[in-house]
Amino acid sequence: MPQLPPETTILQVIPDLNSGGAERTAVDVARAVIEAGGSALVVSQGGQMVAELAAAGAEHIELPVKSKNPVTVWKNAGRIADLIREKSVSLVHARSRAPAWSCLWAARRTKTPFVTTYHGTYSQSNALKAWYNSVMARGDAVIANSEFISRLIAERHPFAKDSIAVIQRGSDLTGLDPANVSALRRQALKDQWGIPSGHPIVLNMARLTAWKGQIVVIEAMAQIKVAGDIDPIAILAGDAQGRDSYVADLKKRIADHGLQDRVRLVGHCSDVPAALALADLAVVASTEPEAFGRAAVEAQAASVPVIVSDLGAVPETVLAPPETDEAARTGWRVPPTDSKALADAIVKALRQDPEKRREMTDRALAHVRRNFSVETMCAKTLDVYAGLLARSG
C-alpha cells in the first residue's frame with residue numbers, strides 16, 4: 001500500500017453511511033488512509049457504518065450534507081471550509097452531488113485539492129440537471145468507478161477528459177471467501193430468514209428500489225413455479241430506505257403469484273459473506289445501467305454463479321460471449337426487464353453440471369482477484385491523492 005506524506009489529512013464527504021457501494025468505498029478508503037500514515041475524516045449525516053468507521057480509527061463528523069436545499073448546501077460550504085481550516089485538511093474527496101457542491105466551494109475558498117468520484121449514471125434530462133451533475137466532473141481529479149462511467153463523463157463533460165482516473169470498485173475478497181464464513185454464521189442467517197432445507201437459494205442483494213429489478217425477479221420466480229421443474233427460494237435482501245409504497249407493491253406481487261413460500265423480503269443484510277455462502281445462485285436484475293456492479297463482483301468472489309442484466313459496466317465485471325469466448329465465461333447475462341430470459345437462465349444455472357459450475361466459478365474468482373480487490377482500489381486512490389498533494393505542495 002502506498003504511503004501518504006506526513007501529517008496528511010483526507011476528508012471524505014458523503015450524504016450518509018448506510019448500506020451502499022459508495023458508503024462501503026468511503027469506509028475502505030478511510031481505513032487505507034490510516035494504514036498509509038494519514039488521518040481520515042468523514043462527513044455525513046450518520047448511519048449504520050459509523051461504528052465501523054470509528055473502529056478503523058477514522059473520525060466521523062455529522063453535518064446535514066444529505067440535504068439538497070440550496071440554502072443548506074451553501075451553508076455546508078462554510079461549515080466544510082471551517083472544518084478544513086480547523087483540522088488542517090490536506091485534500092477533500094466528495095462522493096455525491098449535493099455535498100460535492102459544498103465541497104467544491106469550500107475547497108476553492110481554502111485552496112485545497114478537490115477530488116470527486118462519479119459513483120452513478122445520474123439521470124440528465126435537461127440543462128439544469130446537466131449543470132447539477134457537472135459538479136462531479138469538476139474535481140482536480142475525477143475518479144470513474146468503471147470504464148463505462150469514464151466514457152459517460154467524457155461524453156457529458158468534455159472539459160474533464162484529462163482529469164479522469166478509472167478506479168474500479170474493490171471488494172474484501174478474503175472476507176467473501178466461503179472458507180472464512182463459519183457454519184455458525186451461515187446457520188444464524190438461515191434461521192433468521194426462515195429458510196427450509198432442500199431448496200436452492202437464489203440471492204438478489206440490492207437496495208429495494210424499482211430500478212434494481214426486484215419485480216423482474218418476482219416475475220421470473222412466478223414463471224419457474226408454473227413450469228414446476230425446480231423449486232428454488234429467492235431471497236430479496238436489501239434496505240428499503242423508506243420506500244414503503246414500493247415494498248407494499250412487491251409484497252402484493254408476491255401474494256398475487258402465490259409465491260409467499262418462494263420469495264422472501266428479508267430487509268438489510270449486515271453479513272453479506274454469510275448470505276453468499278448460503279446462496280446457490282446470485283442474480284443482479286437491474287433495469288438501468290449499473291455504474292459498476294459490486295453485487296456481481298462479490299458473488300464471483302464468493303464462488304457463487306451469477307446472472308446479471310446486460311447493460312452498463314457489466315461487460316467489465318462478468319465475462320460472457322460475445323465479448324469473450326465461451327471458455328472464458330464467468331457468468332450469464334440476460335436482457336434487462338426480460339423475466340422470461342431471467343427465469344430460463346436461473347433454471348439453466350441451477351441445473352448446471354457440478355464440474356462445469358466449479359470451472360466457471362474458479363474462472364470468476366481469478367477474474368475478480370486480478371481486477372477488483374479492495375487493496376487495488378485503495379492503492380490506486382491513494383496514488384491519486386499523493387499525486388495531487390505533490391502538485392499542490
Below 4.0 angstrom, N of the basic side chain to O of the carboxylate: do Arg95 and Glu23 qualify?
no
Does a salt bridge link Glu359 with Lys356, judged by any charged N lying under 4.0 Å from a carboxylate O?
no
Under a 3.5 Å threshold, yes or no: a donor from one side chain and an acceptor from the other, between Glu288 and Thr121?
no
Under 3.5 Å donor-acceptor, Arg262 side chain and Ile224 backbone
no
More than 12 heavy atoms of other residues, nucleotides or ligands under 6.0 Å from CZ of Arg358: is that the case?
yes
State plainly whether the residues Arg294 and Glu298 are in salt-bridge range, i.e. N to O under 4.0 Å.
yes
To the nearest 0.5 Å, what is the distance between NZ on Lys87 and CZ on Arg85?
15.0 Å
Counting heavy atoms not belonging to Lys190, are there more than 12 under 6.0 Å from its NZ?
yes
For Leu281 and Pro305, the nearest pair of non-hydrogen atoms, with its separation, is CD1-O, 3.4 Å
Could you pull out the closest heavy-atom pair between Ala81 and Ala106, with the gap in Å?
N-CB, 3.6 Å
Is the closest side-chain donor-acceptor distance between Gln300 and Thr330 under 3.5 Å?
yes
Hey, could you give me each pair passing salt bridge (charged side-chain N to carboxylate O under 4.0 Å, His left out) that has a residue in residues 131-155? Not counting sequence neighbours.
Arg108-Asp140
Trp74: what forms a ring pair (Phe, Tyr, Trp, His ring centres under 6.0 Å) with it, not counting sequence neighbours?
Trp105
Any donor and acceptor pair, going by atom type alone, linking the side chain of Trp332 with main-chain N or O of Leu342 inside 3.5 Å?
no
In short, Val65 meets Gln45 closest at the heavy-atom pair N-OE1, 3.3 Å
Between CD1 of Ile153 and CD1 of Ile164, what distance do you get to the nearest 0.5 Å?
5.0 Å
Is it true that Arg79 and Glu86 have a side-chain N and a carboxylate O under 4.0 angstrom from each other?
no
Shortest non-hydrogen separation from Ala277 to Val181 and the atoms involved:
CB-CG1, 4.1 Å
Does Lys212 pair with Glu290 as a salt bridge, N-O distance under 4.0 Å?
yes
Mind checking side chain to side chain donor-acceptor pair (under 3.5 Å) for Gln3 and listing every partner two or more places apart, or none if nothing turns up?
none
Main-chain N/O of Pro99 paired to Ser96 side chain as donor or acceptor, under 3.5 Å:
no
Answer yes or no: are there more than 12 heavy-atom neighbours, outside Asp191 itself, under 6.0 Å from its atom CG?
yes
Judged by atom type as modelled, is there a donor-acceptor pair below 3.5 Å linking the side chain of Ser150 to the main-chain atoms of Ala144?
no
Which is it for Phe292 and His119 under the ring pair (Phe, Tyr, Trp, His ring centres under 6.0 Å) test, yes or no, and what are the steps along the way?
CA-CA 8 Å; Phe292 174 68; His119 279 286; over 10 Å; no
Minimum heavy-atom distance Ala275-Met205, with the two atoms named
CB-CE, 3.6 Å
Using modelled atom types and a 3.5 Å cut-off, is there a donor and acceptor pairing between side-chain atoms of Thr287 and backbone atoms of Trp211?
yes
The test is side chain to side chain contact (heavy atoms under 4.5 Å, CB included); show your working for Leu208 and Gln214 and say whether it passes.
CA-CA 7 Å; Leu208 299 186; Gln214 286 88 6; 3.5 Å; yes
Work out which heavy atom in Val334 is nearest to a heavy atom in Ala341; give both atom names and the distance.
CG1-O, 3.8 Å
Taking NZ, NE, NH1 and NH2 as the nitrogens, is one of them in Asp256 or Lys252 under 4.0 Å from a carboxylate oxygen of the other?
yes
So, the side chain of Asp231 versus the backbone of His199: is there a donor-acceptor pair under 3.5 Å, distance only?
no
Check: Ser373 side chain, Arg369 main-chain N or O, donor-acceptor pair, under 3.5 Å
no
Looking at Glu355, I'd like to know if its CD atom is crowded, meaning that more than 12 non-hydrogen atoms belonging to other residues, nucleotides or ligands lie closer than 6.0 Å.
yes
Give, for atom CD1 of Ile233 and atom CZ of Arg264, the distance between the pair rounded to the nearest 0.5 Å.
5.0 Å
